[in-house]
Each structure stands twice: as structure tokens, then as C-alpha cells.
Amino acid sequence: MENSGHQLRCTGCARVIEQAELKENFRCSECGDLYEVVYTSWSAGMPEIRKPNASAMRWLWKERCCSNTEADQSGVWRFREMLHILQDEANIVSLREGNTPLYQLRKVAESIGIEQLFAKHQGMNPTGSFKDAGMTTALSVAHELRFDWVACASTGNTSAAMAAYAARAGMRSLVLIPEGKIAWGKLSQAMDYGAVTLQLRTDFDGCVRVLSEVVKRAPVYLLNSVNPYRLEGQKTPALEIAEAFDWEVPDHLIVPGGNLANSSALGKAFLEMKHLGLTTKLPRISVIQAEGANPLYRSILESGGERLQSVEAQTRASAIRIGNPASWKKAVRIIQETGGYCEQVSEAEIAIAKAEIGEEGIGCEPASAVTLAGLKKLLQQGKVQSDERVVLLLTGHTLKDSDYTIAYHRGDLLKAAEIDGLQPEIEVTRRNAVELDASADQVLRELERAAVR
Ligand code: F0G
């Protein structure tokens, strides 16, 4: 894999640059917008067209699943024809990420009246979130560029993933997280994997501001999702979804929206697959936000996505507690290009949806559950039809935030004012743990009570 054959194109002014010209904050020096990776031989809009053969790639990608090499066993790097970003494959840093399950959600599908509902569970990655798919690619680039330090601002999952991959590569990592506003599971991971973990007395957006100053003043490589190499890895769940349906793309893909990079990464993959003849159509890509952290929803409502409407973010789905998302323009573009929607959901709707996903034996963290809550709204509004094939992208594992889960089932999570007519749904999804004496009679009485529920 020598001469990686990629360049960077500004998503604002379309200026194309080489990797060596990228600034430390990954923004265009002309217009300040973000870059995307383009491939000189096959990306749309590039002069020299030498497209790889679609059926040969499909065969090769499947074949690699049975290989013993590290790169082939990674569900990201087995698609490396779509992510030529390294000069030398020896620089790959992998934890065997990707190849995550696509589960059918039969119970939920039946209860909301949809025929084919699936969950692509990116929480089943090595560090328990979708971030691993993008971290293996961007951190491998940092490794190839011989950086000693990598850094990110995070609501928790990026920092967990970065710390793990940096440790694998023998690199040091610096994590900036908002003090008191991330789930314990995630904080514990950063500490366990040996990151320098700094809890700043601010929110996520404040951490981003501080880090942008730090990367100007110290030789640390920024691994937030403004880094275009993150998005190349985050494309691969879309390839896996298409592969799982024999290269027929689903009708609709529903994604949570925080800093708004993931939706555009998945969208880029679907556009590239179509361009290369791997697939023939695009799914609608819809982005769902929490009501209290809804800058994209507001921006689309108020200006058709022309201007960002930042907010002071507030939601218990702490992963997506972001008021000033970096990749908002990319997300607007993908929603528009694929005919998708942006919706917002309440705290109670998120909690109920999370419990319903739990009841499928799958579970997810709160931010992931916005997808199901959003799907219910889109169905009610007639924006999704009952005979469509819909995929929810579950971004994080249920154990990331067990405090949230326990509080919900104990009835301590939601305030009365937030429940807003949803008490019946809460009643049927809550399963509190019951404390008893060590008595078989008491256990049998509980068993009888549970059997008639
Ligand atoms: N779901 C989870 C579980 C997340 O951790 C994040 C983002 C998102 C959804 C939103 O994805 O930012 O691409 O729109 N977490 C980041 C972090 C911000 O620092 O871990 P996005």
C-alpha cells in the first residue's frame, strides 16, 4: 500500500490539498471549513477516473473474513480499497474493530407497526462504541506521521477509544472531558488505558475551545471528528450494512446526532458505494437529536440548514450533549442529498426507547436510543412507511452508562414534568430490582407476581 493515493478536499470551497498541507486544526486556511478525504483515482469529481472493480471488491472483502492477518480481521481494514489513507499498512493500529452485529428488532417492530427493523450495533466494538471504527484509521495516520501524543475533547466515547488505540500503538494520549458530565464507564476506560485525563470545569464545547488552543501550541495530533481520517473508518459500518443485505441498501438509516460527524461519514460511504457501482441507490439518512441538545434540528427549522443555531446543551444522553457541533454543515448536506430528516426527541422518549431496546436483549447507551424514539416520530408523521426496511445505528454499549439504566428502572431518572403523558409506556418498560429476605417463599411470591405481569 505505498503512495496512499488520497488528497483532502475542502467541503466549503472545494480546494484540494495534499496531506502534508493539513493544518493542526484540520480546517481550510482559505475558508475555515472542514476537509474530506478524496481518492485520486476514483472519487467523484476527481480528474483521473480509474474505478476499482465492484464485484472483485465484494468478493475480496468477504474472503478476508477468513484470513489470519490483523488487517483482514478488522472490520474496518478489510475494506481498505475504500480507505487508502496510509503509505504503509505496517502502521495499522487495530483492536479487531468492526464486523459488528446487525440484529433484527422483532418485538419493537411489531409494537410500532413496521415490517423490517434492524439495529446495527456499533456498541459491540472493542471499547464499546462506534468510535473504534474511526479511531483505528485516524490513529494509524498519527502513528505513520510519527506523533508521540494524540489528544481529543470528548463526551466520553472518543476519549475511551483514543486512549485504547494510543496504548496499543505505544503512544501517549491527552483527554479533555467536561467535569461531572460524562458517564463513569467511559471515564474509567480513559484511566484504565493510561490517558492523561483532564476534567475541565466547562462543557464539551468548552473542552473543544481549549483543545484548539493546545494543538496550536504543542505537537499533539488532534483526534476529534474534525480529523477527516476518523470519518474514513466511520464509513465502514455502512459497507457492512450493505454487504449484510447482499448490496441492497436499506430504505432508511437513522443515526443519533451530536458533533454530527457520524451521519456524514455513513453518508459518504453510501455515496461512494453508489459511485463505484457497489450499490444502486442511497438510503435516506435521518439524524435524531435530544430536545435539549438540538442545534441541527433548530438550524434546519429556522434557516433550512443555512446557519448554525448553537444552543446551551442539556440532556441526560451525555454522549450527545453538544451545543455547537463542528460537522453541522456536513450533516445538513447528507440529510439533503439522501432525502432524510432531522428530528428531536424528549428525555422521556429517549428513556423509554432505551428500555425497549434493552428488552430485545441488546441494550444500548442513552444517546443510541434517540434513533428508536426518532423512528417512532417519523412513522407518526408518515415520513417512514411500514413496509420500509429501516436500520437504527446504535452507537454505544449499554454498560457505558449503567447509572442511567438503574435510575430509569428504579423510577429515579425522570422528573414528573418530563413524563408528559408517557406514564403507561414507562410502566410497561420499567423493571426495578426487588430486595427480599433470603426466603424461598418470598422468591416464589415474586415469581407468581411477575408471571401475570
Ligand atoms: N452516540 C454516542 C454514543 C456518542 O458517543 C456520540 C458522540 C454520538 C452518538 C454522536 O455522534 O458526534 O458523530 O454526531 N460522541 C462524541 C464523543 C462527541 O466525544 O465521544 P456524532
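- Residues Y193 and Y165 place their aromatic rings such that the two centres sit no closer than 6.0 Å.
- The aromatic rings of H397 and H121 lie tilted to each other, with the angle between the two planes from 30° to 60°.
- At least one donor-acceptor pair closer than 3.5 Å links the side chain of D205 to the backbone N or O of G323.
- Panel note: side chain T371, backbone L392; no donor-acceptor pair is recorded below 3.5 Å.
- Taking 4.5 Å as the limit, some side-chain heavy atom of T315 sits within range of a side-chain heavy atom of E347.
- Side-chain atoms of R96 do not come within 3.5 Å of backbone N or O of A71 as any donor-acceptor pair.
- Between D132 and Q122, the side chains place no donor N or O within less than 3.5 Å of an acceptor N or O (distance only, hydrogens not considered).
- K281 has no carboxylate O lying under 4.0 Å from a charged side-chain N of E248, or vice versa, which leaves the two without a salt bridge.
- Judged by distance alone, with hydrogens and angles left aside, the side-chain atoms of S368 form no donor-acceptor pair with the main-chain N or O of C364 at under 3.5 Å.
- Between D203 and K181 there is no salt bridge, since no side-chain nitrogen of the basic residue lies less than 4.0 Å from a carboxylate oxygen of the acidic one.
- Not one N or O on the side chain of R284 forms a donor-acceptor pair closer than 3.5 Å with the backbone of G340.
- Between E89 and R80 there is a salt bridge, since a side-chain N of the basic residue sits under 4.0 Å from a carboxylate O of the acidic one.
- A donor-acceptor pair is defined here as one N or O able to donate and one able to accept, closer than 3.5 Å; such a pair exists between the side chain of E418 and the backbone of K415.
- A distance of 6.0 Å or more separates the ring centres of Y39 and H275.
- Contact check on E360 versus K107 returns no salt bridge, with no Lys/Arg side-chain nitrogen under 4.0 Å from an Asp/Glu carboxylate oxygen.
- Rounding to the nearest 0.5 angstrom, the gap separating the OG atom in S159 from the CE atom in M135 is 8.5 Å.
- Sparse packing is recorded around CZ of R201, with 12 or fewer heavy atoms of other residues, nucleotides or ligands lying under 6.0 Å away.
- Cation-pi contact between R389 and F245: present, with separation from the ring centre below 6.0 Å and deviation from the ring axis of at most 45°.
- Under the 4.0 Å criterion applied to side-chain N and carboxylate O atoms, R217 and E213 are assigned as salt-bridge partners.
- The environment of R431 atom CZ is dense: over 12 non-hydrogen atoms of other residues, nucleotides or ligands sit within 6.0 angstrom.
- Proximity of a side-chain donor or acceptor of S299 to a complementary backbone N or O of P295 within less than 3.5 Å is detected.
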- prompt: Could you walk me through whether E18 and Q7 pass the side-chain hydrogen bond (donor to acceptor under 3.5 Å, both in side chains) check?
  reply: CA-CA 5 Å; E18 299 297 329; Q7 290 176 313; 2.6 Å; yes
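- In this structure, F26 has its ring center under 6.0 Å from that of Y221.
- The pair E240-K120 counts as a salt bridge, with a side-chain nitrogen and a carboxylate oxygen less than 4.0 angstrom apart.
- Side-chain atoms of N125 never come within 3.5 Å of backbone atoms of T127 as a donor-acceptor pair (strictly under, hydrogens ignored).
- Remark: Y35 engages no residue in a ring-ring contact (aromatic ring centres under 6.0 Å, His included) (not counting sequence neighbours).
- Counting heavy atoms from C-beta on, the side chains of L8 and Q19 come closer than 4.5 Å.
- Residues L260 and K330 are not in side-chain contact: their nearest non-hydrogen atoms beyond the backbone lie 4.5 Å or more apart.
- With R78 as reference, E243 is the one residue of E63, E97, E243 to meet the salt bridge (Lys or Arg N to Asp or Glu O under 4.0 Å) rule.
- Ionic pairing of K235 and E272 is present here: one or more N-O contacts between side-chain nitrogen and carboxylate oxygen are shorter than 4.0 angstrom.
- Here the rule is side chain to side chain contact (heavy atoms under 4.5 Å, CB included) with F204, and of T155, N324, L176 only T155 fits it.
- When side chains are defined from C-beta on, I335 counts as touching L296, because their heavy atoms get closer than 4.5 Å.
- We find that K377 and E349 are joined by a salt bridge, their nearest charged nitrogen and carboxylate oxygen being less than 4.0 Å apart.
- Side chains of V390 and F118 form no contact here, defined as non-hydrogen atoms less than 4.5 Å apart.
- The existence of a salt bridge linking E21 and R9 is excluded, since no basic side-chain nitrogen approaches an acidic carboxylate oxygen closer than 4.0 Å.
- A side-chain donor-acceptor contact under 3.5 Å links N224 to the backbone of A153.
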